[in-house]
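What follows is a short report on a single structure.
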Amino acid sequence: MRSTTSELNWSGTVTYTAERVERPRTVDEAAAIVARERRVHGLGTRHSFNDVADTDGVLLDLTGIPTDLVIGHDVDGTATVTVGAGTRYGDVAPDIDAAGYALHNMGSLPHISVGGAVATGTHGSGTTLGSLSTAVRALEFLGPDGTTRSVRHDDPEGPGSVLHLGLLGIVTRVTLAVEPTYRMRQDAYGPIPWRAFLDHAAEIHAAGTSVCSYTRFGDEISEVLVKSRSEHAPDELSGAPRLPGTPGDDHRTARDGSLGPWWDRLPHFPIGTVPSHGSEVQSEHFVPLRHAADALDALRGLADRIQPHLHVAELRTMAADDLWLSPTQGEDVFCIAFTWKKHPEEVAALLPDLEARIAPFDARAHWGKMSSLDGAAVAALYPRLPAFRELVRRADPERKFASAFGDRVLGS
């Protein structure tokens with residue numbers, strides 16, 4: 001009988017079925033593993049809540065390979081940074097800042113790896129800001145024989161290769177566009193009555209560089225976090241007062257209006273601490289921004305079933321992009337992220353009804369979170385999926401990087 005690893009994801013709710021986990025310390029070591037193994041899949045910081053990163057072969061954890069930060073410029077003059085794919089955003093962001101540069105955005109959790117975030121379309125918030133994947137200028141892949149190939153964002157297959165779910169090879173290096181460094185403030189507002197929020201959802205989420213709102217699908221939005229590059233903030237937002245400020249601590253970044261570095265304001269959690277013990281599971285759903293109010297109202301109809309299992313729902317926005325597997329599909333989206341209590345069976349039972357409620361609004365699920373959508377439903381939502389499947393066939397004809405998730409959800 002084939003032995004399997006007993007290792008778990010971050011929340012302890014997904015047991016990987018891989019034979020073992022390999023942890024190379026260099027790219028050459030990683031290449032040798034890829035070349036000799038029957039089946040290999042990249043493993044990031046395990047913050048996915050499904051089996052997107054799993055394999056029946058060997059999981060390759062690249063977090064031990066040095067960051068090797070390189071500052072450079074692309075052919076069009078855009079400033080760039082290149083880092084190891086296993087690098088955590090929180091580990092490298094201060095060094096990028098010290099060099100005089102900044103990322104366009106960060107996720108709420110700074111402990112996720114660059115390679116994993118890019119591969120799954122993970123994002124921060126901001127109506128004018130794309131996902132973390134949209135910063136990619138180039139990727140270095142290990143192919144089935146362990147040799148390296150580079151893919152640029154502006155190659156013909158670039159938009160299909162950036163958000164790749166680990167199915168095109170093992171990414172070892174990532175080049176990201178950066179901009180001159182900047183400082184930010186963070187302020188909290190609330191509460192906002194449910195109907196008032198729905199009537200002004202797009203306006204509220206355009207009130208700062210990055211805006212996040214919180215609800216439990218009751219009568220109000222309890223809090224809105226506005227992260228802004230401005231030195232000044234209004235005293236109210238859509239009639240809601242600015243809440244008393246709180247300085248940063250071990251649990252969250254400063255919300256007192258003080259100016260700080262971008263890497264200590266864009267995330268919700270400080271880079272030097274672990275924000276949770278994983279006592280949760282997550283699902284997230286993206287609808288076109290124009291459908292935000294209708295989708296939220298539809299979900300509120302399930303409030304009596306949602307609330308017993310919910311910690312909180314976080315509402316965000318994300319700008320359109322042209323990546324083949326992007327949940328935006330070329331249109332600005334409203335992101336509805338559920339942080340559930342650690343009730344995976346109950347949440348799995350609820351998701352079919354929840355996703356049916358928002359299906360009329362072209363809702364797409366986050367690739368790395370819980371969902372009940374099957375291959376047929378996914379195929380209907382992603383017109384470029386056939387092109388992505390063909391890209392996978394060419395990059396991996398022997399299916400070394402295949403996964404059960406890819407087979408089940410993408411038909412890859």
Side-chain angles (χ1 to χ4, degrees), residues 105-110 123-129 184-230 232-260 262 264-270 273 275-276 279-280 282-287 289 292-293 295-297 299-300 302-303 306-318 333-341:
N105 209 350
M106 290 179 68
S108 59
L109 183 72
H123 60 97
S125 186
T127 305
T128 64
L129 302 178
M184 302 186 73
R185 61 180 294 156
Q186 183 174 207
D187 299 273
Y189 298 83
I192 300 178
W194 180 262
R195 182 51 53 188
F197 177 84
L198 264 56
D199 288 345
H200 301 283
E203 172 190 334
I204 289 168
H205 279 263
T209 305
S210 173
V211 178
C212 308
S213 304
Y214 297 90
T215 187
R216 297 194 74 254
F217 293 96
D219 294 331
E220 65 184 24
I221 302 297
S222 58
E223 185 179 52
V224 179
L225 291 182
V226 179
K227 304 166 188 275
S228 175
R229 299 191 190 189
S230 172
H232 306 286
D235 291 332
E236 63 177 43
L237 179 66
S238 291
R242 188 167 60 194
L243 299 174
T246 55
D249 56 28
D250 289 344
H251 303 290
R252 60 184 183 180
T253 51
R255 302 178 179 186
D256 57 1
S258 61
L259 287 174
W262 52 273
D264 193 44
R265 294 296 184 272
L266 283 169
H268 297 337
F269 304 101
T273 60
S276 171
S279 58
E280 64 190 64
Q282 295 179 6
S283 67
E284 185 169 12
H285 315 277
F286 306 87
V287 299
L289 183 56
L296 287 172
D297 259 346
L299 290 171
R300 194 174 180 223
L302 285 176
I306 289 172
Q307 288 168 347
H309 307 295
L310 186 67
H311 283 306
V312 72
E314 181 178 7
L315 313 177
R316 295 180 283 181
T317 52
M318 184 167 64
V333 292
F334 195 76
C335 319
I336 307 169
F338 293 86
T339 297
W340 303 99
K341 298 173 184 177

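On a predicted model such as this, the values are computed, not experimentally measured, just so you know.
Annotation: the span from R316 atom CZ to S213 atom OG amounts to 11.0 Å, rounded to 0.5 Å. The CD atom of E280 lies 16.0 Å from the NE2 atom of H309; values are rounded to the nearest 0.5 Å. Separating the CG atom in L129 from the CE atom in M318 is a distance of 11.0 Å, to the nearest 0.5 Å. For the atom pair CG of L296 and CG of L315, the computed distance is 5.5 Å after rounding to the nearest 0.5 Å. Taken to the nearest 0.5 Å, the CH2 atom of W262 stands 10.0 Å off from the CG atom of N105. To the nearest 0.5 Å, the span separating CD1 on I221 from OG on S238 amounts to 11.0 Å.
Under the 3.5 Å distance criterion, the side-chain polar atoms of Y189 are matched with a main-chain donor or acceptor of P234. With hydrogens and angles disregarded, a donor-acceptor distance shorter than 3.5 Å links the side chain of H311 to the backbone of S279. Remark: the backbone N or O of T317 is not paired with any side-chain donor or acceptor of T127 at under 3.5 angstrom. Of the possible polar contacts, one joining the R265 side chain to the S258 backbone as a donor-acceptor pair under 3.5 Å is found. In this structure, R185 contributes its side chain and G260 its backbone to no donor-acceptor pair below 3.5 Å. Using modelled atom types, no side-chain atom of R252 and backbone atom of T246 make a donor-acceptor pair closer than 3.5 Å. Using a distance-only test at 3.5 Å, with no hydrogens or angles considered, a donor-acceptor pair links the side chain of K227 to the main chain of L266.
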Set out, in order, the CA-CA distance, both residues' side-chain angles and the distance that settles side chain to side chain donor-acceptor pair (under 3.5 Å) for Q186 and T253, then state yes or no.
CA-CA 8 Å; Q186 183 174 207; T253 51; 3.1 Å; yes

Quick one: do R195 and D297 satisfy salt bridge (Lys or Arg N to Asp or Glu O under 4.0 Å)? Show the steps, please.
CA-CA 9 Å; R195 182 51 53 188; D297 259 346; 2.7 Å; yes

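Relative ring orientation between F197 and F334 is described as tilted, the plane-to-plane angle lying within the 30° to 60° band.
Looking only at side-chain heavy atoms (C-beta outward), P308 and K341 stay at 4.5 Å or farther from each other. Taking 4.5 Å as the limit, every side-chain heavy atom of Q282 sits out of range of all side-chain heavy atoms of E314. By the 4.5 Å heavy-atom criterion applied to side chains, V211 and L225 are not counted as neighbours. Between F338 and V312, the closest side-chain pair of non-hydrogen atoms is not below 4.5 Å.
Among the candidates S108, S210, P110, the single residue satisfying the side-chain contact (heavy atoms from CB on, under 4.5 Å) test with P267 is P110.
Considering all non-hydrogen atoms of both residues, T215 and L310 come closest at O-CD2, 4.3 Å.
Within 6.0 Å of CG in D219 there are 12 or fewer heavy atoms belonging to other residues, nucleotides or ligands.
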